[in-house]
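A short write-up of the structure that comes next.
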Amino acid sequence: MSRQRDDRLTWETFSEGLWRENPVFVMLLGMCPVLAVTNSAINALAMGLATTFVLVASGLLVSLLARYIPRQVRIATYIVIIATFVTLIDYAIQAISLDLYNALGAFIQLIVVNCIILGRAEAYASRNRPLKAVVNAAGMGAGFTFALLCLGGVRELLGAGSLFGVNLFGPAFQPWVVMVLPPGGFLVLGAWLLLFDWLKQRSAEVAPSPRGETANGR
Amino acid sequence: MAADSLSFIFLNTVLANNFVLAMFLGLCPFLGVSGKLETALPMGLATTFVMLVSSLCAYGINLALVALHIEFLRLIAYIALIASAVQLVEMALKRYSPTLFRALGIYLPLITTNCAILGLALFQTFKGYDFAQSLVYALGAGVGFTLAIVLMAGLREKLALSRLPSVSQGAALSLMLGGLLSLAFMGFAGLGGGH
């Protein structure tokens, strides 16, 4: 599958962010918010949606403006575009739910330095048509949100015995508190990566893929 | 110790609320550059240096923003500030200390996207630290980052020689190590008591 410049919009444009190039599990980008705000599923979902919004909006704007931005200052311009949308979402979350705003804290503002967003702006949005850039950004955002939910769900389940604030195990459950504390973030993400690596290794053993397919990555 | 005394702020940010291990800031270099001790230490020092400079500038910028009633521009101002601070530090080092520049050279640009720097600037603003407190906070954050990345590099160097199942090599292993380190640092929690 060659990466030629074609403007066709395919399912692949959206889905690559979901699984094959999942920003968290495959590319290991944007780790800071991934670990910091995933102590409950609801925080994880909010963070994922906020990041998706910034990804899509900045992807659209970068894609529209790319030809007018001089090459030398492009990174600085992208950062300012991203920071603008982050400020927007920061104030929006503050207006919608103050509890959520306090729970996420400075990590909403830190979306600016999330490398996924700058990476997508530079590597994809600036080289593709607006529609394609938006679809791809939405896919990446969905993949990011999915990964955050994987982490947040497991951590909340083990550490507090609930999911989205709904208690699942009844009063007899002894919470595994360390899972909602910082070490739990590292351990749960490590465990997910182990699981995915193991699955990948197994599927590679069962059906060795032809050489051409693997050249796709890096 | 009072919660806003300088020694308390320093100890708290180095140990109890370590930027990397308790607050998850600056994980990219923590996972990426911690392969060897000889690169981990310069990275830590360079980051500490940039932290001090940008904390100082952020303090000044924030005063100006508040005076002009344009706090909503804070984020954009800080990001631009950090990018230019890194650039300035790089130029100054090249001019006045070529040896140090050669040692830190490749790490400096990477620091711009280190969220620990922006996080530091934002946190010191939220906490309303004065000038001396901001500086000590930045120093503590830098020392804490260096400590974490050096410890991690030491552990990874040891593990590189041991036999591991092939699945667990790579990022998963680093994260597990990070988890154990973080668990160890939780022992200091009694020192700090929240943040």
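Numbered from 1 within each chain, the chains take letters A, B, ... in sequence-line order.
For A:A76, no part sits under 4.5 Å from any heavy atom of chain B, backbone or side chain. Only the side chain of B:L31 comes within less than 4.5 Å of a heavy atom of chain A; its backbone N, CA, C and O stay farther away. Contact annotation for B:I76: both backbone and side-chain heavy atoms come within less than 4.5 Å of a heavy atom of chain A. Residue B:F126 touches chain A through its side chain alone, counting heavy-atom pairs closer than 4.5 Å. A:F196 does not touch chain B: none of its heavy atoms, backbone or side chain, sits under 4.5 Å away. Heavy-atom distances place the side chain of B:L122, and not its backbone, under 4.5 Å from chain A. Only the side chain of A:L181 comes within less than 4.5 Å of a heavy atom of chain B; its backbone N, CA, C and O stay farther away. Contact annotation for A:V188: neither backbone nor side-chain heavy atoms come within less than 4.5 Å of a heavy atom of chain B. Both the backbone and the side chain of B:M176 come within less than 4.5 Å of a heavy atom of chain A.
The six-membered or imidazole ring of B:F131 lies near that of B:Y59, with a centre-to-centre distance under 6.0 Å.
A donor-acceptor distance shorter than 3.5 angstrom exists from the side chain of A:R155 to the backbone of A:L35, with no hydrogens or angles considered. In this structure, A:E156 contributes its side chain and A:A41 its backbone to a donor-acceptor pair below 3.5 Å. In this structure, the side chain of B:R156 does not engage the main chain of B:L37 through any donor-acceptor pair within 3.5 Å.
Between A:K132 and A:E16, none of the side-chain N atoms (NZ, or NE/NH1/NH2) sits under 4.0 Å from a carboxylate O, so this pair counts as no salt bridge.
Taking the six-membered ring for Trp and thresholds of 30 and 60 degrees, B:F24 and A:F186 have ring planes inclined between 30 and 60 degrees apart.
Considering all non-hydrogen atoms of both residues, B:A171 and A:L193 come closest at CB-CD1, 4.0 Å.
Note: B:L118 leads B:L118, B:L177, B:V20 in heavy-atom pairs under 4.5 Å with chain A.
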